Amino acid sequence: MAPAQSFTQTDFIREIIDEHLKTNRFQGRVATRFPPEPNGYLHIGHAKSVCLNFGIAAQYGGTCNLRMDDTDPSGETQEYVDSIIHDVKWLGFDWGDRLYYASDYYEQLYQYALKLIEKGKAYVCSLSADDIREYRGTLTEPGKESPYRNRSVEENLDLFKRMRAGEFEDGAHVLRAKIDMASPNITMRDPVLYRIKRTHHYRTGTKWCIYPMYDFAHCLSDSLERITHSICTLEFENNRPLYDWILDQLNLESHPQQIEFARLNLSYTVLSKRRLIELVQNGYVTGWDDPRMPTLAGMRRRGYTPEAIRNFCERIGVAKNDSLVDMGLLEYFVREDLNQRAQRAMGVLRPLRLVIDNYPEGKVEEVECPNHPQNPDMGSRKVPFSRVLYIEQNDFHENPPPKYNRLGPGREVRLRYAYIIKFAGVVKDEETGQIKEVHCTYDPETRNGPPSDGRKVEGVIHWVSAEHSIPAEVRLYDRLFQVADPMDQKDDFTNYLNPKSLETLTNGRVEPALATVKPGDYFQFERLGYFCNDLKDSAPGNPVFNRIVTLRDSWAKRSGQEKK
Ligand code: ATP
Ligand code: MG
């Protein structure tokens, strides 16, 4: 079942499909596919394509295939296949029994190549790779025809079969389409269709030593799967005539329509598998699933929900021109989603001891705390309150700056869901002068209610009981890069990594109910942000909380949007 969608949106792709339905171009069918190459983990850019392809299929009552576009053996692995399957499922989409592998089509693609040769539409070229490039010409000059261009059909068939049989060295020959070396579209200047490459393929092993090029394999895979709309990113616009040429030459009944849209670019990160591999391999991050990565695995570990990512993808829509989307917009959707579904809890990231002098020693009260301030259906929980608490270091200030509405000398604040307390003094480390603990008194009449004399207090701060709370490691994440567009700089993009993208706090304390959290559970820590118990590094009783997002919304404010 595809996730519920509003279907209110339309865009140029859906308009094309509507038109095809009207003219009956595909007999009323809508069949899309998501075709990742298993040479890396999926990132948020892929999510845009996943949501688009599966979303269209769901909207039109059609189908969407998941196809591993695995025709280049170098860098493709089963680990990547597994991760892709896991991530697309996690995003909430279902391809039924339509999981395909382009590598399963190798024999069929080879037969198509033979057919092209027989029709005089492809030839074996024995120029070196450098010469092929040289002969190709430029945007302003036409190319030159290869001296091998007029080999006979028989010779081409013989050579191509021997290419497959492994009689030649890598690079000795290639198979090329015979189109037009003077075409203004360089892609059409006799593009290479097959090359010899003795590289182990993660599925076919050493069965093949020739591999089809993307342009050849892709359109034919689409056709074999009877795709109707082959949606891809803008950089393939010039390849569309080749896509059509191959299908036309082979006279195939199923001839999908290729449609291009602008890829997603997101600020403060990079969305290219090649760059992401660099970050992983050179240890700039801890892996593909590092919570700072723009991969789906990283976002899942960070605590982003599939719903938030889908809402984001729906909101950005599709366009025909490239743009840079603000990371704050994605964070906005994460926050919106978590605000509704995350239980509230109290946690103290940088603890400061707070002693309530007039609270009886040994006494423990259970304070009732709602799990969600706007949603009583989410219930409540009891949090132990005692004489010694922890509060956040920055919720006390000896010389409070203007507008500081927390605890300080002479001040009163409310402890969230509990009493009003009044400052009584501080204890400092004799040597360093650092504040070791703050003392205060509490007003027993103010539990859950306003003071009877109507006096106002400064503000509300959160707390946990020193004795009852449990320790937690907390990881605070910031943007992976310091600049909005790391790929648009003069020097290497890794020079722009944010050295402060991760801050680890090891002294955190959280309320005791969180002793039983499971990996992946998330909460709003009151006043601090949303946090997710790490999928990998947490253990029972030893939570590790990743900060998903803060509570501050940078996007809605900046863009003048009303908050819902
Ligand atoms: P990368 O540039 O990260 O290596 P790719 O295009 O080589 O990406 P593929 O595995 O070939 O990666 O992509 C699978 C599908 O996802 C393709 O249809 C591609 O167009 C789409 N896709 C990849 N990156 C983006 C992006 N940033 N925005 C939207 N769609 C994308
Ligand atoms: Mg690709």
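Remember, it's a predicted structure, so these values are computed and weren't measured experimentally. Just follow the structure's listing: the first ligand is 1, and inside any ligand the first atom is 1.
The shortest side-chain heavy-atom distance between H218 and Q258 does not fall under the 4.5 Å cut-off. In this structure, the side chains of L551 and R335 stay at 4.5 Å or more apart for every pair of heavy atoms. In this structure, C51 and F93 have side chains that are in contact, with non-hydrogen atoms separated by less than 4.5 Å.
Residue-level proximity to ligand 1 for H43 is carried by the side chain, the only part with a heavy atom below 4.0 angstrom. Under 4.0 Å from ligand 1, the heavy atoms of F34 that appear belong solely to its side chain.
Looking at G45, A47, G40 and measuring to atom 29 (C) of ligand 1, the nearest heavy atom belongs to G45.
Put simply, the side chain of R301 never gets that close to the backbone of N546: no donor and acceptor are under 3.5 Å apart. With hydrogens and angles ignored, the 3.5 Å screen pairs no side-chain donor or acceptor of T32 with any backbone N or O of H229.
An N or O contact shorter than 3.5 Å links R263 to ligand 1 by distance. Of the N or O atoms in N39, none lie within a sub-3.5 Å distance of an N or O in ligand 1. The shortest N or O to N or O distance between K48 and ligand 1 is not below 3.5 Å. Ligand 1 has a nitrogen or oxygen under 3.5 angstrom from a nitrogen or oxygen of L264. Residue F261 places no N or O, backbone or side chain, under 3.5 Å from any N or O of ligand 1.
For ligand 1, the atoms closer than 4.0 angstrom to any heavy atom of P35 are 14 (C), 18 (O). Against a heavy-atom cut-off of under 4.0 Å, H46 is close to the following atoms of ligand 1: 8 (O), 9 (P), 10 (O), 12 (O), 13 (O), 14 (C), 16 (O), 22 (N), 23 (C). Listed by atom number, the atoms of ligand 1 under 4.0 Å from E37 heavy atoms are 9 (P), 10 (O). Set against the non-hydrogen atoms of P36, the atoms of ligand 1 under 4.0 Å away are 10 (O), 14 (C). Using a 4.0 Å cut-off to heavy atoms of T233, the atoms of ligand 1 that qualify are 20 (O), 29 (C), 30 (N), 31 (C).
Residue R275 places every heavy atom at 4.0 Å or more from ligand 1.
In this structure, Y211 has its ring center closer than 6.0 angstrom to the ring center of Y106.
Legend: residues meeting side chain to side chain donor-acceptor pair (under 3.5 Å) with E107, ordered by chain and number and at least two apart, are Q111, R164.
With E331 as the partner, the salt bridge (charged side-chain N to carboxylate O under 4.0 Å, His left out) test is satisfied by one option alone out of R479, R552, R302: R479.
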- Might you work through the side-chain contact (heavy atoms from CB on, under 4.5 Å) test for V483 and D488, ending with a clear yes or no? CA-CA 9 Å; V483 293; D488 209 20; over 6 Å; no

